[in-house]
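Chain letters run A, B, ... following the sequence lines, proteins first and then strands; every chain starts at 1. It should be emphasised that the depicted structure is a prediction, and the values quoted were computed from it without experimental measurement.
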Amino acid sequence: MRRLWHGQITGPLLGIFWTLIIATSVSVLMSFGTGDAFRPGLIGSVIVGSLVGWLSVTWRNGWGLSALAAGLGVALALAGIGPVQLGASVSTMAGGVAYIMLGLGAGIPVVYFMANAPKDSLTRHEFEDSVIRFLTGFGYIFFVAIVLIPFYVMVMTSLKNQAELMANPLDFTIDLDQGTALFRSYIELFRDFNFGNYLWTSFFVSVLTVIITLLFSIPGAYAVARLRFQGQTAFSRSILLIYMVPLIVLALPIYIAFSQVGLRNTIFGIILIYPVTTIPVALYMLQGYFRGLPAEVEEAGLMDGLSRLAVIWKITLPLSLPALASVSLYVFMIAWNEFLLAFMLLDDPSKFTLTRGIASLNSSEIPRQHLMAGSVIATVPIMALFLGLERFMTGGLTAGSVKG
Amino acid sequence: MTGAVPPKGTGALARREARLAWGLLFPTIAIVAGVVILPLLAIFWISFKPIGLADLRPPAPVVREALRGDPGDYTVRYRIRNSSQDKPITDVVLTDTLPAEIRVMGSMPEMCETGGPGLRCAIGTLDPGQRLEIELPVELTGDDEDAAEEAVEGSEPLITGTSENILTNTTFTMDNFARVFDGGEFWRVLGVTLFYTLFGTIGAIILGLFAAMLLNKEFRGQGILRGLFLFPYVAPIIAVAFTWVILFDPFSGSVNALMVQMGVLSEAVNFFGQRPFALIMVTVFAMWSYFPLCFLFILARMQSIDTDMYEAADMDGASPFQKFWYLSIPQLLGILSVLFLLRFIWTFNKFDDIFLLTGGNAGTRTLTVNVYEQAFAVSNIGAGAAVAVVIFICLLLFSFFFFRFISREEGL
């Protein structure tokens with residue numbers, strides 16, 4: 001291990017690994033972007049990476065090394081061992097773009113990784129610092145890729161047609177000339193598959209779930225957080241326990257009971273059941289927040305002659321608006337994304353929620369771009385809401401700890 | 001003078017407070033009892049019952065009424081049958097109102113009697129699948145045959161009967177459990193569940209820890225990245241699950257095409273339909289969709305660690321990895337163990353993911369998917385309930401551990 005602690009060994013090693021990562025990323029990016037064949041080349045990456053890494057500790061010029069990496073890459077590519085191997089159909093321009101990206105991606109970061117490392121032997125500090133910078137760079141690429149690729153594929157697939165999808169699964173380029181025909185899957189979903197209705201049902205059900213959940217959980221949470229009574233601990237524990245009961249275990253008897261009393265296939269039944277799955281979480285989140293509020297304010301209210309309920313209404317609730325927003329968002333998210341109960345209890349296409357509607361698109365007769373368009377329709381509202389109110393959402397998610 | 005004595009027992013104020021507390025809690029307790037406790041009891045009950053999907057619709061007598069015949073020789077005919085092919089219905093009674101357009105004449109079947117316009121036929125027991133016809137000779141009071149027919153068929157006959165409801169009778173059986181534990185199937189399912197749960201949980205926590213370390217510093221774009229990293233958790237599971245299925249499709253999936261092109265794979269692999277890939281893929285999916293939650297928790301904890309400690313370590317010459325290993329990890333151990341238990345329980349309970357990705361095929365059937373398989377695919381509700389009972393018992397076991405840890409961690 002200690003032998004690696006040398007500028008001219010650490011540099012080339014990190015350079016090689018990093019160039020391989022960059023070559024792979026560029027290949028994936030260019031393949032998804034153009035639909036043509038790009039693949040990383042091992043020999044070329046090792047040559048470019050080791051040279052860039054070796055030079056990075058003496059000539060600390062990111063732009064210069066980038067130009068060198070790109071130039072060397074092109075030279076190797078002409079010799080047939082390029083770090084990014086181009087398929088026969090790749091245009092010169094796309095190849096050029098790939099190598100510019102490779103050069104920039106390899107040169108500047110490697111210089112940054114080795115910025116604090118001298119060209120001869122390294123201390124443990126300097127070595128680990130370089131490794132950590134390398135790992136950080138890798139982490140950004142890795143996480144952004146794994147998060148974005150599925151969503152990118154979801155959106156792009158929804159804009160294509162069956163023939164294009166089968167012809168080249170890698171080709172996500174879209175033809176902008178076709179105008180509104182680009183959105184034909186969405187138009188068909190709203191026109192022929194009743195998705196406008198599902199969207200409304202989902203929205204309606206989710207909002208009602210939020211309201212009912214708050215109505216039940218606010219008094220409950222307040223009682224658990226503030227009032228002293230026997231069985232307080234036991235109660236808050238059983239709340240935790242209840243939201244660890246798997247939904248599928250409850251879904252079976254609920255299905256039977258609803259079948260017997262005729263609540264299956266009704267929106268009313270769904271609205272009856274959804275809040276119960278969210279009340280325990282909401283109660284748990286809210287009681288945590290209520291505990292954090294200063295009791296003195298409430299006691300002052302009590303001293304001034306307010307009743308407990310008036311204290312809750314006039315003091316506690318206004319103080320906990322941010323928490324209420326978090327809880328509402330979180331409950332909305334659970335209700336909006338809920339699939340299992342909707343799937344089991346709703347059979348009538350006129351009463352589907354959005355998730356149930358998407359499930360009904362999953363058949364071999366319906367083209368998959370419709371399935372993806374449906375997924376986009378379900379994902380976009382919750383994402384928009386989430387990005388707009390991210391501050392509340394992260395708070396809510398952390399407080400909601402226990403719900404999966 | 002006697003000294004002040006503290007009051008014994010609960011005073012009036014304390015009692016009032018407790019009353020108020022229970023009053024505030026009552027709605028929640030009521031609804032949770034109705035929708036959680038009752039179903040839980042029901043599932044225990046059902047797990048001991050020989051009950052299939054078809055038994056959910058109890059056997060009932062069915063009747064159809066018609067006016068038939070030629071002028072001068074009319075009959076009102078009731079065709080009655082038992083909807084069930086294997087259960088008798090007892091005490092079957094048919095009641096109907098005879099309209100003014102017809103009049104009963106001649107002899108009636110002996111089981112029937114009329115009182116005014118009303119008709120009542122005590123049929124008795126209908127055997128499984130039995131069909132029965134009752135004919136009443138009638139004459140028309142008017143001349144209009146169509147009007148009479150309409151009137152006869154317009155008055156809906158009412159038929160009642162009692163049949164044994166399999167849900168409430170006292171037949172019990174251990175067959176369901178015998179079936180569930182039968183052969184190697186159960187242990188295979190349990191093994192798959194544990195693999196999925198354990199690796200899914202650990203993977204999600206490691207990814208979450210890595211992501212949290214990346215974002216545990218201030219820089220431009222940190223907020224955007226934090227939002228981005230949460231996408232997999234916030235998006236509807238059904239949307240991302242189908243995206244994964246399409247992404248890894250063996251014929252037209254991008255990942256297969258990409259890997260073949262890069263030379264990683266020589267030919268396309270059916271990732272979600274082939275052992276052992278399917279199980280690995282659903283586990284990877286679990287890591288992917290739940291790392292955001294772990295990330296968020298770990299990040300929150302990291303940001304609350306005192307920076308003084310790191311400065312002191314810097315002064316003592318600790319290297320970055322040493323700081324991570326000897327300072328950060330011990331500080332995070334609490335939240336990591338809580339996360340592990342929570343995620344373990346929740347991954348164990350997870351149903352939607354696997355159901356949507358593979359439907360439980362190709363060696364990915366976990367206990368929760370097995371509930372659905374038994375109850376709806378094999379149409380044996382009882383066996384499904386038995387699996388659910390097994391899950392519930394596992395859950396009780398886990399929550400025992402959970403409370404021992406969490407009470408230490410969070411002081412609950």
Side-chain angles (χ1 to χ4, degrees), chain A residues 31 37 39 124-125 128-129 132 136 139-140 143 146-147 150-151 153-154 157 165-166 169-170 216 219-220 222-223 227-229 237 241-242 244-246 248-250 252-254 256 259 273 276 279 308 333 337 339-340 355 358-359 368 371 375 378-379 382 386-387 390 394 397-398 402 404, chain B residues 17-18 20-22 24-25 27-28 31-32 35-36 39 42-43 56 210-211 214 227-229 231-232 234-240 242-244 246-247 252-254 257-258 261-263 288 296-297 300 319-321 342 345-346 349 351-352 368 371-372 375 384-385 388 391-392 395 399 403:
Chain A
S31 299
R39 63 191 179 87
R124 179 173 185 170
H125 239 128
E128 289 184 2
D129 192 48
I132 282 178
T136 310
Y140 288 134
F143 280 107
I146 62 167
V147 169
F151 291 99
V153 169
M154 187 198 284
T157 308
L165 286 171
M166 292 305 282
L170 279 178
F216 278 87
Y222 187 84
L227 305 177
R228 276 156 302 176
F229 60 98
R237 280 192 173 197
L241 194 65
I242 276 170
M244 282 180 216
V245 176
I248 184 83
V249 170
L250 298 182
L252 193 58
I254 287 171
I256 295 171
S259 300
I273 229 61
V276 182
I279 285 174
R308 270 287 180 186
M333 185 189 98
N337 292 352
F339 160 73
L340 172 60
T355 48
I358 297 172
R368 52 160 42 172
L371 185 60
S375 302
T379 310
I382 193 76
F386 162 71
L387 284 179
E390 199 242 336
T394 35
L397 286 176
T398 335
V402 202
Chain B
E17 193 168 316
L20 178 67
W22 286 112
L24 291 176
L25 284 171
T28 304
I31 193 167
V32 166
V35 187
V36 177
I43 205 105
L56 289 188
F210 190 14
L214 287 182
L228 193 70
F229 283 11
F231 271 20
V234 179
I237 208 86
I238 183 164
V240 288
F242 282 145
T243 308
W244 273 57
I246 282 180
L247 200 55
S252 54
S254 312
L258 197 66
Q261 182 182 301
M262 289 188 176
W288 180 80
L296 216 54
F297 276 84
S319 75
F321 278 111
L342 285 175
I345 292 173
W346 269 99
N349 289 349
F351 166 81
D352 324 22
T368 46
V371 174
Y372 186 88
I391 294 180
F392 187 70
L395 171 86
S399 50
F403 280 118

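Contact annotation for B:L395: only side-chain heavy atoms (C-beta onward) come within less than 4.5 Å of a heavy atom of chain A. When heavy atoms are compared at a cutoff of 4.5 Å, B:F210 approaches chain A by way of both its backbone and its side chain. In this structure, chain B has a heavy atom under 4.5 Å from the side chain of A:L387, while its backbone stays farther away. Contact of B:I345 with chain A is made through the side chain alone, with heavy-atom distances under 4.5 Å. Both the backbone and the side chain of A:Y140 come within less than 4.5 Å of a heavy atom in chain B. If you measure heavy-atom distances from B:V371 to chain A, the contacts under 4.5 Å come from the side chain alone. Using a 4.5 Å cut-off between heavy atoms, A:S31 contacts chain B through its side chain alone, with no backbone atom that close.
Under the 30°/60° scheme for interplanar angles, the aromatic rings of B:F229 and A:F143 are found to be tilted.
A distance of 7.0 Å separates CZ of A:R308 from CG of B:L20, quoted to the nearest 0.5 Å. Rounding to the nearest 0.5 Å places CG of B:D352 at 6.5 Å from CZ of A:F339. Expressed to the nearest 0.5 Å, how far OG of B:S319 lies from CZ of A:R124 amounts to 4.0 Å. Once rounded to the nearest 0.5 Å, the distance linking CD1 of A:I279 with CD1 of B:I31 reads 4.5 Å. In this structure, CD1 on B:I237 lies 11.5 Å from OG1 on A:T355, to the nearest 0.5 angstrom. Distance CD1/A:I382 to CZ/B:F231: 11.5 Å, rounded to 0.5 Å.
Using a 4.5 Å cut-off on side-chain heavy atoms (C-beta onward), B:P236 and A:T379 make contact. At least one side-chain heavy atom of B:V240 sits less than 4.5 Å from a side-chain heavy atom of A:F151.
Options B:A42, B:A235, B:A18 differ in how many heavy-atom pairs under 4.5 Å they form with chain A, and the most are formed by B:A235. Each of B:F321, B:W244, B:W22 has some count of heavy-atom pairs under 4.5 Å with chain A, and the biggest count is that of B:F321. Per-residue heavy-atom pair counts under 4.5 Å with chain A were compared for B:A388, B:P320, B:P27, B:A21, and the maximum is reached by B:P320. Ranking A:D129, A:L371, A:I254, A:V153 against chain B, the residue ahead of the rest is A:L371, based on heavy-atom pairs under 4.5 Å. Of the listed residues B:V35, B:T368, B:T28, B:L214, the one with more heavy-atom pairs under 4.5 angstrom with chain A than any other is B:L214.
Of all heavy-atom pairs between A:R39 and B:Q261, the closest is CD-O, 2.8 Å. Among all heavy-atom pairs drawn from A:M244 and B:S399, the shortest one is SD-CB, 4.4 Å. Considering all non-hydrogen atoms of both residues, B:I391 and A:P246 come closest at CG2-CG, 3.6 Å. A pairwise comparison of heavy atoms in A:A359 and B:F242 identifies CA-CE1, 4.4 Å as the closest pair. Closest heavy-atom contact between A:N337 and B:V234: ND2-O, 2.8 Å. Pairing each heavy atom of A:V245 with each of B:F392, the nearest pair is CG2-CE1, 4.2 Å.
For B:V36, the side chain to side chain contact (heavy atoms under 4.5 Å, CB included) partners at least two apart in sequence or on another chain are A:I242, A:L250, A:V276, B:V32, B:L40.
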